[in-house]
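Notes follow once the structure below has been shown.
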Number of protein chains: 2
Amino acid sequence: MARRSDHSREEIREMALDAAEKIVVEKGFEGLSARKVAKAIGYTVGTLYLVFENIDDLILQINARTLDRLYAGMAETQATARNGRQRMLQLGQVYIRFADQDPHRWSMIFEHRLAEGRELPEWYREKIARMFAIVEEALMPLAAGRPGREVAQAARVIWGGVHGICILAVGNRLGIAGVDSVQDLTQSLISNYLAGFTGPAG
Amino acid sequence: MARRSDHSREEIREMALDAAEKIVVEKGFEGLSARKVAKAIGYTVGTLYLVFENIDDLILQINARTLDRLYAGMAETQATARNGRQRMLQLGQVYIRFADQDPHRWSMIFEHRLAEGRELPEWYREKIARMFAIVEEALMPLAAGRPGREVAQAARVIWGGVHGICILAVGNRLGIAGVDSVQDLTQSLISNYLAGFTGPAG
DNA sequence: ACCTGAACACCGTTCAAGT
DNA sequence: ACCTGAACACCGTTCAAGT
C-alpha cells in the first residue's frame, strides 16, 4: 500500500488515468469504478478524490485523451488527401476505423452522460469544435462560395450521420455485420450527400 | 405492503413496467433502479425477480414499448404521405419529434448496453427490422429498379444518419440548439442523400 | 501534510424463512 | 404458494483519525 509522498499529486493523477484507461479498454465503461482504479494504483479510493473532483471528472479526462487521439488521426489524413471529396471520404474512414479498433474508449465518449443540468466544460467543447473545423475545412473546396452557415450545417449533417451509422453498427442494431459493411455505408452517406450538396439542385 | 395474491403475476408485471416507465420519463435511465420500482408498486425488490429475469429484462420490455410507439407513429405517417421523397422527409420528422418529445425513453433504447457477449433477443430485433422495412418501403418508388440490397443499404444509411444527428443534438454535442435546427439537419441529410441516390451519378 | 479506513447511502441479485 | 427481509458483493462520496 502506497504511503505518503511516494508520488506527487500529478503522478497519482497520471497513474489513475492510465489505470482507468486500461480498465476501459479491457472491460468497457461498465467495468470502470473508482474503487477498481484505486486498487490498480495501490491507493485507497479516498485518494482519488484528492486528485479528481468525482468519477465524472475522471471519465471526462479519459474521453478528452480519446478525442485528442481521434483529432490527431483526422488531422493527419487531412494533410495527405488530395481533393475535398477524397478528404471527406478519408475522414469518414478514419472515424469508422478508430471506433472499430478502440470500441470501448470510443463508446465511452457517448455512453457517459452528465447528470441532469450539468454541461460539458468549455475546454472539452473546444475539442469537439476543432474536429468539426477539420470537416468544414475539407468541405470548403466543395462548397463553391456558399455561406459559412451552410458549410457548418453540412459538416454537422455528415458527421452526425457517420456517427449514427457507427453507433448502430457497434450496437449491432443495423442488421449488418463487419467493418467493411460499415465502411460501405459511411462511404455511401458521404458520396450521395455530397452529390446533393455540390450538385445542380443545391 | 402488498400481501400474497393481491395481484396476479401479470398484474405485478404491468404495475412494475408502468412504474418503471414513469421513473424513466421523469428522471431518465440513471434514475431507474429495481429497488425504486419495487417501492413504487408496494412490493419488495425480491418480488421483481419473480416477474423479470433481471433488471436488463425489465429495461428491454420498456424499450420494446417505446419502439412500438415509434413504429406506430412511423406507420401512420407512411399512410398519409404522397410520394417517396415526401414519405422519407416525414419519417425523418417523425423520428426527430419523437426523440424530442420523449427524450428519456428514447435515450434509454441506446443508453442501455447489454452485458458483454449478450445479444438482443429475436423478438426485439424484429421490432427494429420492421422499422427499417417502413423506410425501405418509402424508398422503393425512388429506387427505380435497383436491387433490394442497395435499397436496404440506403435505408440503413439514412436511418443511421438521422439517428446520429439526433444523438449528437440531444447530447448537445453539435454546437447547435433547438429542435428546428435538428429538423433542418435531418431534412438536409435526407434531401441531399436522395439527390445522390436518385440522381444521374448513381 | 498526506493518506487511510470506516461510514453512509445507495446498487443488483439470491434465497431461507415466514405467513 | 406467495412474498418478505436479510444477506452478499458491489457502487460513489465524505471525512475524522492515524502516521
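Each chain gets a letter, A, B and so on, in the order the sequences are listed, and its residues count up from 1.
Sorted by first and then second residue, the salt bridge (charged side-chain N to carboxylate O under 4.0 Å, His left out) pairs involving residues 78-90 of chain A (not counting sequence neighbours) form an empty list. Among residue pairs with one or both ends in residues 25-39 of chain A, none qualify as side chain to side chain donor-acceptor pair (under 3.5 Å); sequence neighbours excluded.
Under the rule for a ring pair (Phe, Tyr, Trp, His ring centres under 6.0 Å), the partners of B:F110 that lie at least two apart in sequence or sit in another chain are B:W106, B:H163. Under the ring pair (Phe, Tyr, Trp, His ring centres under 6.0 Å) criterion, A:F98 pairs with no residue, sequence neighbours left out. Residues satisfying the side-chain hydrogen bond (donor to acceptor under 3.5 Å, both in side chains) criterion with A:N54, sequence neighbours excluded, are absent altogether. Residues passing the side-chain hydrogen bond (donor to acceptor under 3.5 Å, both in side chains) test with A:R13 are A:Q61, sequence neighbours excluded. Residues passing the side-chain contact (heavy atoms from CB on, under 4.5 Å) test with A:A34 are A:V45, A:L48, A:Y49, A:I55, sequence neighbours excluded. For A:D18, the side-chain hydrogen bond (donor to acceptor under 3.5 Å, both in side chains) partners two or more places apart in sequence, or in a different chain, are A:R65.
Counting heavy atoms from C-beta outward, B:I165 and A:V157 have side chains that approach closer than 4.5 Å.
Atoms OH (A:Y43) and C1' (C:dG5) sit 16 Å apart, rounded to a whole Å. For the pair A:L48 CG and C:dC2 P, the computed distance is 17 Å after rounding to whole Å.
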Give the table of side-chain donor-acceptor pairs shorter than 3.5 Å for residues 130-141 of chain A, with sequence neighbours excluded, one pair per line with atom names and distance.
| from | atom 1 | to | atom 2 | distance (Å) |
| --- | --- | --- | --- | --- |
| A:R130 | NH2 | A:D68 | OD1 | 2.8 |
| A:E136 | OE2 | A:R156 | NH1 | 3.0 |

(request) If a protein heavy atom is under 4.0 Å from the base, mark B; if only from the sugar-phosphate, S; if neither, -; do that for nucleotides 6-16 of chain C going 5' to 3'. (result) -B---BBBBB-

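A heavy atom closer than 4.0 Å to some atom of DNA chain D occurs in no member of residues 18-30 of chain B.
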(request) Using a 3.5 Å limit on both pairing distances, list the dot-bracket string of DNA chain D from the 5' end; Watson-Crick and G-U wobble pairs count, crossing pairs take [ ], interstrand pairs take |. (result) ||.|||||...|||||.||

